[in-house]
Amino acid sequence: MKLYRGRFAPTPSGPLHAGSIVAALASYLDARAHGGLWSVRIEDIDAPRCVAGADAFILHQLDRLGLRSPEPVVWQSQRSAHYEAAWGQLQSSGWAYGCACSRQDIEQALTAAGVPRARHAMAVYPGTCRNGLHGKAARAWRVRVEGSRQWTDRRLGRQSQHLDSEVGDFIIRRADTIWAYQLAVVVDDAVQGITDVVRGEDLADNTPRQQFLQDLLGVPRPRYLHTPLVLAEDGQKLSKQTGAQAVDLTQGLTVLQAAARILELEVSTPDEGRSASGLQAGASGPEPKELDRWLELAAQAWARRWLQTPGTHPVSPTMWG
Ligand code: GLU
């Protein structure tokens, strides 16, 4: 049996919105329902995408929503040494290679090879630098992929992806020297001993790449549960670009209840004779005790829905009070 460790890993490119709150709540409830540990990791590795102060604001939002952890918050920007070590390991095992191709080079190679591609579809790297740079300088670093990966997502069920034909050799260190998300997330999940990844469904198709890296680095695979996305009115994924509204912290309970509806949780009536959905947020927000009580009931609802499979046990019975 493994100790349960989960995490919420927001990119500080803006405040949390209704979509990211779903992932935050789900990861929190899964950890709590398992009696495990939940932590927050700020994924600020992609500096150009980060907004100054967004990390502090996200932590404030989580706190106001009662989503708290005694675990220290981790910032990816402070963890380069870990990524560097993994990069070194992948180079010495021969799986990582330097790549001199610009985006234009890749487009040209694909066109020359007659590879049809839908507009905006991901370009599968044609393997130009796989067998050496032929005197050119490396811009980025890629990992050589092989075969496919299969996994069973706790919500989506059986999944599979042919890495060679659908993804191709992927970047682990970008031309601007920034560590790629795929490498950073795998290294951090491993170093932090994460047993369970609970995150939005938009990230599901990254899982086979991450499992491939886990296998190359010889680290354990976490279990995965990808949560439903909150869609904007036009059916598109909610994001800052499509005008996702920041969370109204004076209506914390309402925000959590909306996220619970997306997660199809039946949160039962609290025993104080008031219904959970009837708890009203006042102008200054609900009482912290009400939020805590609601979260406890939501964790029970989560357990009823998702905890059929044993295999983990509580780390610390005291974390959840
Ligand atoms: N930082 C990623 C995001 O905000 C999430 C990464 C993950 O959960 O694996 O979309």
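We use all heavy atoms of the structure for the numbers below, so side chains are in, but hydrogens, waters and symmetry mates are not. For this chain, numbers begin at 1 and follow the sequence in order. In listed order, ligands and their atoms are each counted from 1.
The two atoms that bring L16 and P10 nearest to each other are CD2-CB, 4.2 Å, heavy atoms only.
Note: Q251 CD to L253 CG = 9.0 Å, rounded to the nearest 0.5 Å. To the nearest 0.5 Å, the span separating CG on L67 from CD1 on I21 amounts to 6.5 Å.
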Anything under 3.5 Å between an N or O on ligand 1 and a protein N or O? List each pair with its distance, or write none.
unit_1: ligand 1; atom_1: 1 (N); unit_2: A9; atom_2: O; d: 2.8
unit_1: ligand 1; atom_1: 1 (N); unit_2: T11; atom_2: OG1; d: 2.8
unit_1: ligand 1; atom_1: 1 (N); unit_2: E43; atom_2: OE1; d: 2.6
unit_1: ligand 1; atom_1: 4 (O); unit_2: T11; atom_2: N; d: 3.2
unit_1: ligand 1; atom_1: 4 (O); unit_2: T11; atom_2: OG1; d: 3.1
unit_1: ligand 1; atom_1: 8 (O); unit_2: R7; atom_2: NH1; d: 2.7
unit_1: ligand 1; atom_1: 9 (O); unit_2: R7; atom_2: NH2; d: 3.0
unit_1: ligand 1; atom_1: 9 (O); unit_2: Y181; atom_2: OH; d: 3.0
unit_1: ligand 1; atom_1: 9 (O); unit_2: R199; atom_2: NH1; d: 2.8

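H226 and Y224 have parallel rings, their planes meeting at less than 30° on a 0 to 90° scale where 60° marks the start of perpendicular.
One finds no salt bridge joining D196 and R5 here, because no Lys/Arg side-chain nitrogen approaches an Asp/Glu carboxylate oxygen to under 4.0 Å.
Annotation: side chain of R174 is not in contact with side chain of W179 (no heavy-atom distance under 4.5 Å).
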